[in-house]
Each structure stands twice: as structure tokens, then as C-alpha cells.
Amino acid sequence: MSTTMRSILVNFYWIFGSCVFMILVRTIVHRTFTYIRQMRRMTPLLNSLDHLPTKPIIGSLYYLIKDTKDFITERGEKMIELFNKYESAIFWMMHVPIVSLGKHEDIQAVLNNSRCSRKFLRLFEGTFGDSTAALHGEKWRRNRKILLEAFSPNRFHRFFSIIKEYSSFTTKALELFCDTDEIIDIKHYILSLNANSFVRNISDYEINKSNNEDIAMINAVIEIARLECTRFLIPWLHPKFIYKTYLFFLGKLHLYREILQLPKKIIKERLSMCNMTRNLQNDKIAEDTDTASPELFIDMLLQRHNSNADFTEKHLISELKTIMIVGVESSSISVCTTILMLAMHIEAQEKVYDEIRTICGDGDLKIQIQDLKKLVYMEQCINETFRKFPIIPITFRICDEDITLQNGQVIPAGCLVVLNIYKSHHNKEIFPNADNWDPQHFNKEMIQHRKRAFFPFGSGPQMCIGAKYAMMSIKTQLVHLLRRYRFTTEMKMQDIHLELDISARNYSGFLLKLHSR
Ligand code: HEM
């Protein structure tokens, strides 16, 4: 290399290096000033609340790390335990204050306030990306409209027959373990049932178990959720560049590609199928999809993508990926936990079984969608499972305006708020037998009184759009499984340990024995 070339390169590196340095300094100074300005306004208001114990630099995070063998699995339970000590308090996530609220009136006030959003979910980009769950404002409103239509009860007949098909298939597959001494973890079977039926319901795509691309997504979801939860708890990992570097050193960047493989493949296959049909039917489909609302969720998204320049391919993939994540895991956990509870409470299981027999008869199982409403005691058991083990035990909001609590305290705008659903579900004034699993909490006489402190699907404008779908799906699966098997377990309540990332899952498993009916 000539000397001139070398000196040009050296100058280039100097200029480039200085630019990067200047940008870094500017960002740090800007962030520090913004933080100081915000804290000046927030501190007087926050001082009126209880403060959770803190340590220098890491704040209250110390109490999540203290005496912990495995931070990733134990942090959820520790967080709930810590928040549960106070009705409303401040938790210092390093230098960032988070206000935790546990009174149901305060939780309602925040959930029902349309100026409180889930903007922080941008930190969970692998899980939620640019989907409805992470959006706010006009974009969120437009996406939510599509979701509400796609999962409206008038579309349930088709969903129901597909869920029935996969439930029968899984019930038969479990035959292998019936009346043997083998203890099995039903989680894998139920997860597969829900993944297959949900993906068919939204896109007509059939998951191929022998295809690595299809299976990779399921593993990537759990790992990414864990990583993003760590990112959320450690503010130093919030800047994208630092988080990406962290992933690079952990060797986990590939997960972010894997999580997108299945949604991308579904879209590709759907597009090629639509093109084929279009050619065969002489453009009839094209005319239809331009005017009427399509039947499948994926077609609704494709229609939106075709007609709206701001709904890019990235949004399309993200929406599909997120709905698969939230739709599959939550229903699987609910089915598994309800069966585990019924296995621990045999009397309740017999009562549910008698109800199923009364409604569906003794012969071959011929359940109709309208029968599901009649399964009242089963619904009490499902609700009690949601109460005792809420799938989303805590949720967060950032409020764009000051929020006044019932006792007059003010939560300043811009503050991150934790809504402690778990605490509300364990309020002994409303649920007298709160520490135990007791379906009587939801009997006919008390249900209205209790539902005001009961938020399994959230509440207000951002409430879950899949609540009715989930209840229909869970009941259909339980009818099939409980009609064929009596489940027993050696597990006890204290064996259940919840890991918390985007949802709470029991990492001790769902260990059951199956006996024929
Ligand atoms: C037992 C099953 C389920 C539970 C316990 C559950 C729970 C929840 C909760 C608590 C929220 C609100 C979170 C918050 O306010 O921060 C939520 C939101 C959401 N859920 Fe579910 N969910 C379940 C099933 C489903 C299903 C099956 C779907 C899809 C069909 C779904 C789609 C969504 C979406 C899209 C949102 C975000 C709504 C918005 O931001 O406007 N969920 N879910």
C-alpha cells in the first residue's frame, strides 16, 4: 500500500472514530438531561408512595438476585413476592422508578385510561415487534379492528370444528399412556394441539412436525421471551445497539431469524395458493378479496398489506408471528393447569365429568358449539385456575398523563406502572379462600361481585381480543380429554413454580397419570 493511501485510511479512521465518539457523547448527555428533567418532576409525587428496599446502583433488583439459584426461572416468583408486600409502592429498576399497583380499583383506573399504553413493549421486539400488542394510537386502533373481526364469535363454527379435530387426535395419541404406571408431562401434547389448531384456524396451514423450520419457532419463542425479559429488567440493555452486542456475545442472534421462519413460510404458501386459485377461477378471488372481508385472518392481513402502503411486509410478518405466540401458549397453559388442578381435586374432576356426560350424553362424543355455554361448573373451574395462576400475573403501562389513585396519590405522567393482577386475584376480602383452588369463588351468586377484581384477560380498551376464542378452545379440549380419561397426580400445590417472561408458566411440569373412563 502506498504512503498516500495509508495516510488517507488513517485520516478516515480518525474522522470516523471521532464521529462515533461525538454521537455517543451526545446521546449520553441528552439522555442524562432528559432523565434529570423527568426525575425533578416525578420525585415530589413519587415520595408520597412506599419505596421497596433498594441498594446503590442496582436498586430493588438486588432483591430479585438475592438467594437465587437460577435468576431466569426464579425472578418471576420473586418479583410477585416483592410486589405483593405493598398495596402500591416504588420499585427501582436500577435508576428507573416503577410504580406497582395492587388494588383492583387502581388497576381498573389505569387499564381503562386510553392514555396509558404498552409503549415499553418495543423492548420486546422479538416477541411483539410492530404488532398490535406493542402499538399505540391510530395504527393500534386500525390493527385491533382487524383482530376483533377475525376472532369475532360469528366465525367460531369453523374454529370449533378444527379444534375438535385436533382434540380428538390428541386424545387418541394419549391412549398409549392410559392405565399404565407411566407419569407423563401433558404440556408437549397440549402445546402441539394448540399450535396445530390455531395455525390452521388463522391460515389453513398445517404444521409439519418433521420440518425443522416449523418446530424452530416454538423453541425460539421461549428463549427470546426470556432474553427480552432480562433486557427489560436491566436498563443498560435497553439501547438496541448494546442489546444486539449482548446477543452476539451470547451467540443468540440466530433466534431472531428462527422465530420469523414459520410466519414467513405461511405467508409464502398462502400467496402461492391464492395465485393458483386466482388463475383457476379466472380472477374471481381477486374480486372477492378486494370487496368482502376474507374468512381467514391471514387473508385479512394480506388484503390490508395490498391496500395500505404503511402496512409493510415487516408489519404483516410481525402481526402473524405475535398472534401465533399469544394465541398458542396462553391456551395451552390454561388447559394444562386446569387439568392439573382437577387431578389434585378429584371431587371437582368428577363433578366436571358428570356435567360433560349430562350435556353430551353417554355414547360417542357429539359436542355442539352451543353445548359449551352449558358447561357452567367447568367454566367455574377454568376461571378459578385463571384466578389462582393468572397467565399474565403482572402487566405494565406507561401513562401519558398524571393518574390519580383512589386514595388521592398521584402517579406522574411518563412513569412505568406495574399492574399487579396476581395481588388483586389473591385479595382475601373478595376471594375468601384465596390461597386455595376453590371453584366456589365463581359460583352464580358471587360471580358479579368477584369479577371486578378479576383480570385474566386484562380490561379496558387494550383488553385481550382472544378471550372468547380462548374460552371456547379450552372448553372444547377439556371436554375431549376429561370425557376419555380420569387424571391423577402426585404433585402438590407447593410443587408449582412459575417462571415469568411474557407470560407465567409452571416450569415444574404437569405430571399426570391417565386412567380410562
Ligand atoms: C387463556 C388465554 C389467554 C389469556 C389469559 C390472555 C390474556 C391477555 C391479557 C391479560 C391481555 C392484556 C394484556 C395487557 O393489558 O397488558 C391480552 C392481550 C391480547 N391478547 Fe390475549 N390472552 C389469551 C388468549 C389469547 C388468544 C387466543 C389470542 C388470539 C386470538 C389473544 C390475543 C391477544 C391480543 C392481540 C392482545 C393485545 C390486544 C391489544 O393490545 O389491543 N389472546 N391477552
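Read the numbers this way: they start at 1 and go in the same order the structure lists the ligands and their atoms. Just so we're clear, the structure is a prediction, and the values are computed from it rather than from any experiment.
How far CG of Leu342 is from CZ of Phe487: 9.5 Å, rounded to the nearest 0.5 Å.
Scanning the protein heavy atoms around atom 6 (C) of ligand 1, the nearest turns out to be Phe457 CD2, 3.6 Å. For atom 28 (C) of ligand 1, the closest non-hydrogen atom on the protein side is Gly466 CA, 3.7 Å. From the protein, the heavy atom lying nearest to atom 23 (C) of ligand 1 is Ser330 OG, 3.4 Å. For atom 7 (C) of ligand 1, the nearest protein heavy atom (residue, atom name, distance) is Pro456 O, 3.4 Å. Residue, atom and distance of the protein heavy atom nearest to atom 34 (C) of ligand 1 are Ile465 CG1, 3.8 Å. For atom 13 (C) of ligand 1, the nearest protein heavy atom (residue, atom name, distance) is Arg118 NH2, 3.8 Å. The nearest protein atom to atom 15 (O) of ligand 1, hydrogens excluded, is given as Arg397 NH2, 2.7 Å; this is a heavy-atom distance. For atom 16 (O) of ligand 1, the nearest protein heavy atom (residue, atom name, distance) is Thr395 OG1, 2.5 Å.
The aromatic ring centroids of Phe232 and Phe396 lie less than 6.0 Å from each other. For Phe198 and Tyr469, the distance between ring centers is under 6.0 angstrom. For Phe454 and His425, the ring centers sit closer than 6.0 Å to each other.
The closest non-hydrogen atom to atom 32 (C) of ligand 1, taken over Val326, Thr385, Ile421, comes from Val326.
Donor-acceptor pairing under 3.5 Å is lacking for the side chains of Glu87 and Asn407. Looking at Asn201 and Arg155, their side chains never bring a donor and an acceptor atom within 3.5 Å of each other. Between the side chains of Asn443 and Gln440, a donor-acceptor pair is found at a separation under 3.5 Å.
Close contacts between ligand 1 and Ser334 involve ligand atoms 1 (C) [criterion: under 4.0 Å to a heavy atom]. Within the listing of ligand 1, atoms 1 (C) sit less than 4.0 angstrom from a heavy atom of Phe386. Each of the following atoms of ligand 1 lies closer than 4.0 Å to a heavy atom of Arg144: 38 (C), 39 (C), 41 (O). Short contacts between ligand 1 and Trp140, defined as distances under 4.0 Å to a heavy atom of the residue, involve ligand atoms 39 (C), 40 (O), 41 (O). Against a heavy-atom cut-off of under 4.0 Å, Tyr469 is close to the following atoms of ligand 1: 27 (C). Short contacts between ligand 1 and Phe151, defined as distances under 4.0 Å to a heavy atom of the residue, involve ligand atoms 30 (C).
The pair Lys374-Asp371 counts as a salt bridge, with a side-chain nitrogen and a carboxylate oxygen less than 4.0 angstrom apart.
A side-chain donor-acceptor contact under 3.5 Å links Asp106 to the backbone of Gln406.
Under 4.0 angstrom from ligand 1, there are no non-hydrogen atoms of Ile333. Residue Cys464 touches ligand 1 through backbone and side chain together, judged by heavy-atom distances below 4.0 Å.
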Can you list the steps and then say if Gln477 with Asn194 is a side chain to side chain donor-acceptor pair (under 3.5 Å)? CA-CA 9 Å; Gln477 296 174 51; Asn194 281 281; 2.8 Å; yes
Please report the C-alpha distance between Arg141 and Glu138 in whole Å, then the side-chain angles of each, then the deciding distance to 0.1 Å, and finally whether the salt bridge (charged side-chain N to carboxylate O under 4.0 Å, His left out) criterion is met. CA-CA 5 Å; Arg141 226 181 310 280; Glu138 195 44 40; 3.3 Å; yes
